[in-house]
Amino acid sequence: MATPHRLLLTGFEPFGTRDTNPSQEVVSLLEKESFAGIELSTRILPVAYLPATEWIRTQMMHFDEVIMLGVAWARQEICVERVAINLMDAAQNDNNGFCPTDIPIRSDSPTAYFSNAPIKQMLAAIRDTRNPCKISNSAGTYVCNAVYYAALDEIANRHLPTKAVFIHLPSDECLSVSSMAEAIKAALNIRVRSTGDVGLSQVGKIVIRKS
Ligand code: PCA
């Protein structure tokens with residue numbers, strides 16, 4: 001029997017003035033389902049820079065693929081994030097009361113990482129579910145970006161085969177949670193294999209050179 005694809009799916013608890021988070025609701029819908037060939041693990045992360053980034057780093061070595069979800073309330077589409085940047089710059093406190101301004105996530109690490117997952121293929125799978133979606137080139141500078149960055153940094157530092165992607169969900173006023181769950185299910189069913197030929201890119205480093 002083929003070894004199951006070990007997939008970690010994460011969402012976030014509510015934060016700020018909201019008492020729900022669609023990413024948490026999508027994770028709780030999907031964790032009730034079973035997916036052929038996939039060993040699904042789920043986790044709801046605290047909206048707190050330090051515990052969330054520390055925890056995600058400890059997980060990278062245990063999974064073939066990691067799909068992280070969060071909400072971006074102002075967005076109207078499902079956004080497959082291309083890049084994570086080495087910056088914490090919060091417009092509001094995290095749930096631990098931490099509000100960093102212009103602080104690197106890890107001072108000796110690269111400026112940014114590209115996702116090492118086949119984001120265009122994931123986007124196509126989501127588009128096939130007829131939900132609004134796009135590639136986004138900024139995951140922001142709040143906790144979602146920090147978790148994404150920590151995941152890719154850990155993969156790069158340890159030379160892990162794990163594939164990681166972050167997907168921002170829109171407000172549930174734009175799209176129902178069940179539609180979002182259908183879309184994420186489609187992305188998850190791609191089952192990105194580290195040994196397969198679907199990966200379009202390796203973990204990339206962007207180096208800003210001073211001229
Ligand atoms: N969205 C926030 C953090 C948690 C979440 O769901 C963000 O975009 O950073």
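We use all heavy atoms of the structure for the numbers below, so side chains are in, but hydrogens, waters and symmetry mates are not. We count ligands from 1, going down the list as the structure has it; atoms in each ligand are counted the same way.
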**OP:** Identify, for atom 2 (C) of ligand 1, the protein heavy atom at the shortest distance, and state residue, atom and that distance.
**Re:**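 Result for atom 2 (C) of ligand 1: C144 SG, 3.2 Å.
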Which atoms of ligand 1 have any heavy atom of [X] under 4.0 Å away?
| X | answer |
| --- | --- |
| V143 | 9 (O) |
| V71 | 1 (N), 2 (C), 5 (C), 6 (O), 8 (O) |
| N21 | 5 (C), 6 (O) |
| G70 | 6 (O) |
| Y142 | 2 (C), 3 (C), 7 (C), 9 (O) |

Subject >> Interatomic distance, K120 atom NZ to I135 atom CD1 [nearest 0.5 angstrom] >> reply: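 Going from NZ on K120 over to CD1 on I135, the span is 6.0 Å.
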Subject >> Side-chain donor-acceptor pair present, E81, S136, cut-off under 3.5 Å >> reply: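 Yes, a side-chain donor-acceptor pair sits under 3.5 Å.
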Original post:
Do E13 and N95 have side-chain N/O donor and acceptor atoms under 3.5 Å apart?
Top reply: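 Yes.
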Subject >> Contact check: F15 vs ligand 1, nitrogen or oxygen atoms, below 3.5 angstrom >> reply: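 N/O-N/O distance below 3.5 Å does not exist for this pair.
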Original post:
Judging by distance only, is a nitrogen or oxygen of V47 under 3.5 angstrom from one on ligand 1?
Top reply: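 Looking only at distances, the answer is no, because the N/O contact criterion of under 3.5 Å is not met.
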**OP:** Specify whether F166 and Y148 have parallel, tilted or perpendicular ring planes, treating 30° as the upper limit for parallel and 60° as the lower limit for perpendicular.
**Re:**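 Tilted, since the angle between the ring planes falls between 30° and 60°.
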**OP:** Answer with yes or no whether H168 contacts ligand 1, where contact means a heavy atom under 4.0 Å from a ligand atom.
**Re:**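 Judged by the 4.0 Å heavy-atom criterion, H168 does count as contacting ligand 1.
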**OP:** State whether the side chain of N86 and the backbone N or O of I105 hold a donor-acceptor pair below 3.5 Å, judged by distance alone.
**Re:**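 Side chain of N86 to backbone of I105, a donor-acceptor pair under 3.5 Å: yes, one is there.
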Original post:
Distance-only, no hydrogens or angles: does the D153 side chain make a donor-acceptor pair with backbone N or O of Y149 under 3.5 Å?
Top reply: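 No; judged by distance alone, with no hydrogens or angles, the pair does not exist.
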Original post:
Mind checking whether S115 and R82 have side chains closer than 4.5 Å, heavy atoms only?
Top reply: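 No; the side chains remain at least 4.5 Å from each other.
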